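See below for the structure under consideration.
Everything quoted here is computed from the prediction, not taken from an experiment. Chain naming here is simple, since letters A, B, ... match the order of the sequence lines and numbering starts at 1 in each.
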Amino acid sequence: MFSRTELFDRVYLTAVQSDKFKTGCFSINFLRPLSRQAAAQNALIPGLLLAGCEQYPDIRSISIQLDRLYGASVGTLVRKKGEIQSVGLYADFVEDALAGEPVFRPLTEFVSELLLRPCTENGGFRSDYFEMERNNLVNSMRATLNSKQAYANQEMLKAMCPDEPYGIPYQGEEETLADVDAKSLYAQYRTLLAHSRVELFYHGRASADEAADAFRAMLKELPRGSIDPLPAPACKQVARVRELEQSMPLSQSKLAMGFRARPASAVDELAAMLCFSVVYGAGSNCKLFLNVREAKSLCYYASAAYDKYKGFLRVSSGIAAENYAAARGEILRQLQDCVDGKISTEELENAKRLLNSQLRADLDNPGRLDEFYLGQAILDQRYTIPELMAAVERVDEAAVRQAAATVQLDTVYFLRGVGE
Amino acid sequence: MKQTDYPRLQECCYEEILPNGLTVRVLPKPEFDKMYAVLAVNYGSMDMDFTLEGETVRSPAGVAHYLEHKMFDLPEGSAMQAFTRLGGNPNAFTGYDMTAYYVQATEHYEENLRLLLRMVMTPHFTDESVEKERGIIAEEIKMYADSADSQVYERLFAAMLPGHPASIPIAGTVESIQAIRAATLEQCYGAFYQPCNMILCVAGKLPAQDVIRIALEQTPAASGPCARRIPAAVQDGKSAQFTQREMDVAMPMFTVGVRLPDLAPGDEITEIACDLAAELVAGETSPCYQELYEQGLIDSGFFAGFESVRELAMFSFGGDSRDYEAVSRAVFASADRLLNEGIDPDELRRLKHSAIGRRLRELDSFGGTCNRICGYFFDGVDYLRFREAFDAVTEEEICRILVLLRPENACTSVIVPR
């Protein structure tokens, strides 16, 4: 059972009431257009909010307060949804009924302190905290290199979208932090608070009214001004396929392929794209797994992921360097088979079953519900998960074929492993 | 069927030990439209040497993991396809001391559970299919070889535990898996995959009596002869204190391990005492953590706590740091200070309260809870008694850990940027 309320001017709460869990959770998300100049600054703000506030001035006093709230957690949230950046905080806590003491309400009061009364000096954030968290963010950006597939995916996206916001990593880029200081970041923080659409998500035992009450109190001092509009993602055509290769001392090479597709907000369109992406490259019965891995033993993994916000499909694979041409050829051949309608009834039925089984599981997964409802808010859609499941059931082979036909290869990035 | 209530967790568990020796535990969750079922085998990568009916067997590294891959083959084809038709989402994992097969489902509960059991109870290995898997597993091994997260641990174990099979990566090496044939898999399967060496744990919609009925139908009437492990030993005096490798990472990544005395079966006090010691010494509410964090020497990825592989136990800490030596010095100094100054009972109470709260929240994850029940079961511990175990941990137990936390007892594994 979910309800949606506007608490203040364009501050929305999606509340899901459920008695089944021992844990309750909520998140607060500020939505911004993804921009090269501001992305890293926005990503830095949640970290600074968790460094200290007036009442709890350092991480130690914050952690002690969380211990007192029966081991509650508060963390940062930085997400990229197409060409929108969502930044904020989340909280997980033991439900009052199990704790035998109030936890939810005091936790919202605590988050209010963290969010609205950070430690400041001279009209900016505390400069030592600013330095500390900027370094942490820079380190986190650089750490993308530690996961070679994530690194390959990021390099592929940067090459594919040099002039589109979609090419910007979710935490922004290190270079853009050069001119930012504790004072200018504080100004950005005030902008974020006052001029962003805000999406709250709550999942737990409190009724929608009780939750709305608690969050109204939490945000009663949230400044509000004119709200900046959020852009729809740009759709570009592929002019020619870009090919990039980089070498690194690795045992296993990584392949990342970026395809342009249609964004899908309407439920039937989304269902068709999801069915196609699963038939092609998700789970252990998809064409990529069965052909590239099982039949030809070309890789340990090969999978496709579709992004509904942008209309983008990514294929990722870990392969032996000498199999590059063969793997790439097989990945494209399997896509062509989808376009040509070489999809068996069993393949489509399997894909539908996998999708709907995941969607049914999502109904019992607060984290996944948070993602789903944030997406619905961003795409301005009202359909529910059961309605999406029904749409999946309606998808036929022609719809999958049409969905596949919208997919065009744009960029191939190969991280070649040498001499390890 | 034995029913145990855990009122302090608001949980209830049914248990039945089948005539063939298989332990079945069920956490009924009728209010959820899902099921998680895991069948775990008390057999992992480190169980390479064993005796079976008087005969000594020395198997190559990587058999447990290879078996995990090949268990998904059934005479009629891949079990993956069959699960998909049932809307089930299966997977498996191999550890140093356990192999587990699981399925998550939101429909066809009985059929998914039946298939999971039948799959693990049906060995079907041919030389052709074993051969075909070799390239896939080699790629998986290479993937771990490129992962700094895996490397930092594998190298720590190699340095700390020389001569012990836990010093070898779980999947083996590209070389060691070359010797594995269908006959190798059959032999190790027969030696360890006996019902008396397994536990089935199910959480979800399916009622306990149905789970037990299906388990009875799908498992053999009796267990065959079970392997006896040849106890593995660390070659004492040969362990190193330091190991380093260059990789393409952004910042040095490190883990420090301090070996604790071997665990006796059923010991869960040591784990909790060790985790609480870690909280006191270097947890987020410790002065040590705050200083290191504010100096930019650690970030929120820093961890400290207990690790164990069967009887082997260690206190470990680590993360990313530009100066891991400074971090290490500060952690050992903090342990020393705590020993001298004594543990504040109020602080200990707060840390226990918080740790219990976090464990209560973890109970919402069916998979996490069932997997823990299985892992602890093989160590002779009832995981769901953790609140009682926390109550039992005193300052003395924590001090027993603290005195061991000295730099001369430690081993450091570092991955440095190339």
Side-chain angles (χ1 to χ4, degrees), chain A residues 19-23 58-60 62-64 66-73 92-94 98-99 128 131-132 135-136 139-140 142-148 248-252 283-285 293-294 297-301 318-320 346 349-350 353-354 356-358 360-361 363-364 417 420, chain B residues 10 29 31-34 78 80-81 83-90 104-107 132-137 139-143 145-149 247-251 253 283-287 289-290 293-294 296 299-300 320 350-351 353-361 363-364 418:
Chain A
D19 293 327
K20 293 195 287 192
F21 295 87
K22 296 180 161 67
T23 309
D58 51 41
I59 46 167
R60 183 155 185 243
I62 288 173
S63 303
I64 289 174
L66 289 169
D67 280 352
R68 292 198 178 113
L69 292 167
Y70 216 156
S73 306
D92 286 323
F93 55 95
V94 177
L98 186 65
D128 53 345
E131 292 295 331
M132 190 168 84
N135 290 339
N136 283 342
N139 291 337
S140 166
R142 291 179 185 171
T144 305
L145 176 67
N146 297 3
S147 159
K148 303 301 178 257
M248 212 182 257
L250 292 174
S251 307
Q252 188 183 73
S284 50
N285 285 284
R293 171 173 147 140
E294 298 285 296
S297 298
L298 286 171
C299 65
Y300 174 57
Y301 64 89
I319 57 176
E346 195 187 357
E349 287 309 309
N350 284 343
R353 226 171 277 131
L354 176 65
N356 278 348
S357 155
Q358 283 169 352
R360 210 172 299 118
L363 287 168
D364 275 338
E420 189 77 340
Chain B
Q10 298 181 13
K29 303 274 181 184
E31 65 278 29
F32 285 89
D33 291 316
K34 62 178 179 180
S78 163
M80 288 281 190
Q81 266 83 354
F83 275 117
T84 302
R85 281 189 288 273
L86 296 170
N89 187 7
Q104 303 174 79
T106 54
E107 56 183 337
K132 215 155 126 195
E133 201 71 15
R134 212 177 305 279
I136 296 170
I137 294 177
E139 281 307 315
E140 186 180 0
I141 290 171
K142 289 190 210 163
M143 189 176 79
D146 288 337
S147 155
D149 290 319
M247 291 180 80
D248 281 289
V249 291
M251 205 198 282
M253 185 183 285
E284 289 178 15
T285 61
S286 67
Y289 183 96
Q290 173 157 356
Y293 188 93
E294 290 184 354
D299 57 29
S300 57
D320 291 349
R350 169 171 57 73
L351 290 173
H353 184 64
S354 174
I356 289 170
R358 288 195 299 271
R359 285 202 180 192
L360 287 174
R361 284 198 274 129
L363 292 170
D364 277 336
R418 214 181 289 272

- Message: Quick check on the interface: out of B/K132, B/K29, B/Q81, who has the most heavy-atom pairs with chain A under 4.5 Å?
- Response: B/Q81

- Query: In terms of heavy-atom pairs under 4.5 Å, which option from B/G296, B/A355, B/S286 contacts chain A the most?
  - Reply: B/S286

Which distance, rounded to the nearest 0.5 Å, do you find between the [atom1] of [X] and the [atom2] of [Y]?
X      : Y      : atom1 : atom2 : value
B/Q104 : A/Q358 : CD    : CD    : 9.5 Å
B/M251 : A/N139 : CE    : CG    : 3.0 Å
B/Q10  : A/L98  : CD    : CG    : 4.5 Å
B/Q290 : A/I59  : CD    : CD1   : 5.5 Å
A/L145 : B/M247 : CG    : CE    : 10.0 Å
B/D146 : A/M248 : CG    : CE    : 10.0 Å

- Query: Can B/Y293 and A/D58 be counted as having a side-chain donor-acceptor contact under 3.5 angstrom?
  - Reply: no

Measure from the side-chain N and O atoms of [X] to the backbone N and O of [Y], and report whether any donor-acceptor pair falls under 3.5 Å.
X      : Y      : result
A/N146 : B/A250 : yes
B/T84  : A/N350 : no
A/D67  : B/L351 : no

- Which atom pair, heavy atoms only, marks the closest approach of B/M80 to A/S284? SD-OG, 3.0 Å

- Message: Please give me the minimum heavy-atom distance between A/V94 and B/R361, naming the atom from each residue.
- Response: CG2-CG, 3.7 Å

Which atoms of [X] are under 4.5 Å from chain B, going by heavy atoms: the side chain, the backbone, both sets, or neither?
X      : result
A/A72  : backbone
A/T144 : neither
A/N135 : neither
A/Y301 : side chain
A/D19  : neither

Sub-4.5 Å side-chain heavy-atom contact between [X] and [Y]:
X      : Y      : result
B/R85  : A/E346 : yes
B/S78  : A/E294 : no
A/D128 : B/E294 : no
A/L66  : B/S354 : no
B/E107 : A/R353 : yes

- Message: A/K148 vs B/D248, test: side-chain contact (heavy atoms from CB on, under 4.5 Å). Steps then yes/no.
- Response: CA-CA 9 Å; A/K148 303 301 178 257; B/D248 281 289; 3.9 Å; yes

Shorter than 4.5 Å, heavy atoms on both sides: which option in [options] has the most such pairs with chain B?
options                      : value
A/S63, A/G283, A/G318, A/A99 : A/S63
A/R68, A/R293, A/R142        : A/R293
A/N136, A/L69, A/I62         : A/N136

- Item | Mutual orientation of the aromatic rings belonging to A/F21 and B/F32 [parallel < 30°, tilted 30-60°, perpendicular > 60°] | perpendicular

- Message: Under the criterion side-chain contact (heavy atoms from CB on, under 4.5 Å), I'd like the reasoning laid out for B/D33 against A/L363: C-alpha separation, chi angles, the key distance, then a yes or no.
- Response: CA-CA 9 Å; B/D33 291 316; A/L363 287 168; over 6 Å; no

- Task: Sort B/P90 into side chain, backbone, both or neither according to what part of it lies under 4.5 angstrom from a heavy atom of chain A.
- Result: neither

- Interchain contact, B/I141 with chain A, by part (heavy-atom threshold 4.5 Å): neither

- Partner of A/Y300 under side-chain hydrogen bond (donor to acceptor under 3.5 Å, both in side chains), picked from B/E140, B/K142, B/E139, is B/E140

